[in-house]
Amino acid sequence: QVQLVDSGGGLVQAGGSLRLSCAASGGAFSRYAMAWFRQAPGKEREFVVGIAGSGGSTLYTDSVKGRFTISRDNAKNTVNLQMNSLKPEDTAVYYCAARSGRWISRSMKDYDYWGQGTQVTVSS
């Protein structure tokens, strides 16, 4: 059983930056692909970015390419999301997720464990 704790959300002006963190416990962290999803009010939860268990492969949704960077530290059981050049449309609750298996998936259904979510609000 893996437990995930998300943190780092907040309120920022458009163009600003935030860094989200996800701390994992209870499993062999490097065996899990990790991802960040987000859910805006009235919308479905969507894939944002993922990273393979080794950290050697990443996958970004088009809207965040060049602005967001995912990284992981398997020694510390953490995954981070650096978000730069934030836009109002990035406003959402961001969720860290883990899936058994080292490869990234864009589908929520493939993820076994979820963090509690952290709110990101970008003002215009």
Side-chain angles (χ1 to χ4, degrees):
Q1 190 78 6
V2 175
Q3 293 81 44
L4 302 175
V5 178
D6 307 329
S7 63
L11 173 64
V12 64
Q13 289 187 332
S17 298
L18 281 174
R19 183 177 177 85
L20 305 185
S21 294
C22 175
S25 60
F29 187 63
S30 64
R31 295 182 180 179
Y32 293 87
M34 301 296 295
W36 289 93
F37 287 76
R38 65 187 180 187
Q39 187 166 17
K43 295 187 177 181
E44 294 185 352
R45 195 171 298 187
E46 64 173 358
F47 174 84
V48 178
V49 58
I51 187 166
S54 66
S57 177
T58 57
L59 182 65
Y60 293 84
T61 196
D62 287 347
S63 63
V64 307
K65 285 181 180 177
R67 301 188 297 122
F68 289 12
T69 303
I70 191 171
S71 61
R72 67 187 294 161
D73 186 334
N74 286 346
K76 295 182 178 179
N77 288 5
T78 58
V79 61
N80 297 304
L81 180 62
Q82 179 66 41
M83 305 187 295
N84 298 328
S85 302
L86 282 161
K87 303 176 181 180
E89 51 263 43
D90 294 318
T91 295
V93 178
Y94 283 70
Y95 297 90
C96 175
R99 68 179 298 260
S100 302
R102 302 191 178 190
W103 308 112
I104 307 163
S105 169
R106 293 179 179 269
S107 174
M108 283 180 53
K109 298 178 182 178
D110 291 331
Y111 288 82
D112 306 294
Y113 306 102
W114 293 83
Q116 81 284 4
T118 185
Q119 176 71 47
V120 171
T121 303
V122 185
S123 63
S124 58

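Being a predicted model, the structure only gives us computed values, none of them experimental. Computed from heavy atoms alone, side chains included, the values below leave out hydrogens, waters and symmetry copies.
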So which atom in [X] and which in [Y] form the shortest heavy-atom distance, rounded to 0.1 Å?
X      : Y      : value
Ser107 : Ser105 : N-OG, 3.1 Å
Ser124 : Ala14  : CA-CB, 4.4 Å
Arg67  : Ser85  : NH1-O, 3.0 Å
Gly9   : Thr118 : N-OG1, 3.0 Å
Val93  : Gly117 : CG1-CA, 3.8 Å
Ile51  : Thr58  : CG1-CG2, 3.8 Å

Tell me, do [X] and [Y] make a side-chain contact under 4.5 Å, heavy atoms counted?
X      : Y      : value
Gln82  : Asn80  : no
Ile70  : Tyr60  : yes
Val79  : Tyr32  : no
Trp36  : Met83  : no
Arg38  : Glu46  : yes
Thr91  : Gln119 : yes
Ile104 : Ser57  : yes
Tyr111 : Phe37  : yes

Inter-residue atom distance [X].[atom1] - [Y].[atom2], 0.5 Å rounding:
X      : Y     : atom1 : atom2 : result
Ser30  : Arg72 : OG    : CZ    : 7.0 Å
Ser54  : Arg31 : OG    : CZ    : 14.0 Å
Asn77  : Gln3  : CG    : CD    : 11.0 Å
Leu4   : Cys22 : CG    : SG    : 4.5 Å
Thr121 : Gln13 : OG1   : CD    : 13.0 Å
Trp103 : Leu59 : CH2   : CG    : 12.5 Å

Keeping the roles fixed (side chain from Asn74, backbone from Gly53), state whether a donor-acceptor pair exists under 3.5 Å. yes

Taking Gln39 for its side chain and Ala92 for its backbone only, find out whether a donor-acceptor pair lies under 3.5 Å. no

Does this structure show an ion pair linking Asp90 with Lys87, if we count only N-O contacts that are shorter than 4.0 Å? no

Are [Y] and [X] linked, directly or through intermediate hydrophobic residues, by side-chain heavy-atom contacts shorter than 4.5 Å (ILVMFWY only)?
X      : Y      : value
Tyr113 : Leu81  : yes
Val64  : Val120 : yes
Val48  : Tyr95  : no
Leu20  : Val12  : yes

Using the rule given for side chain to side chain contact (heavy atoms under 4.5 Å, CB included), can you reason through Phe68 versus Val49, listing the C-alpha separation, both sets of side-chain angles and the distance that settles it, and then say yes or no? CA-CA 8 Å; Phe68 289 12; Val49 58; 5.6 Å; no

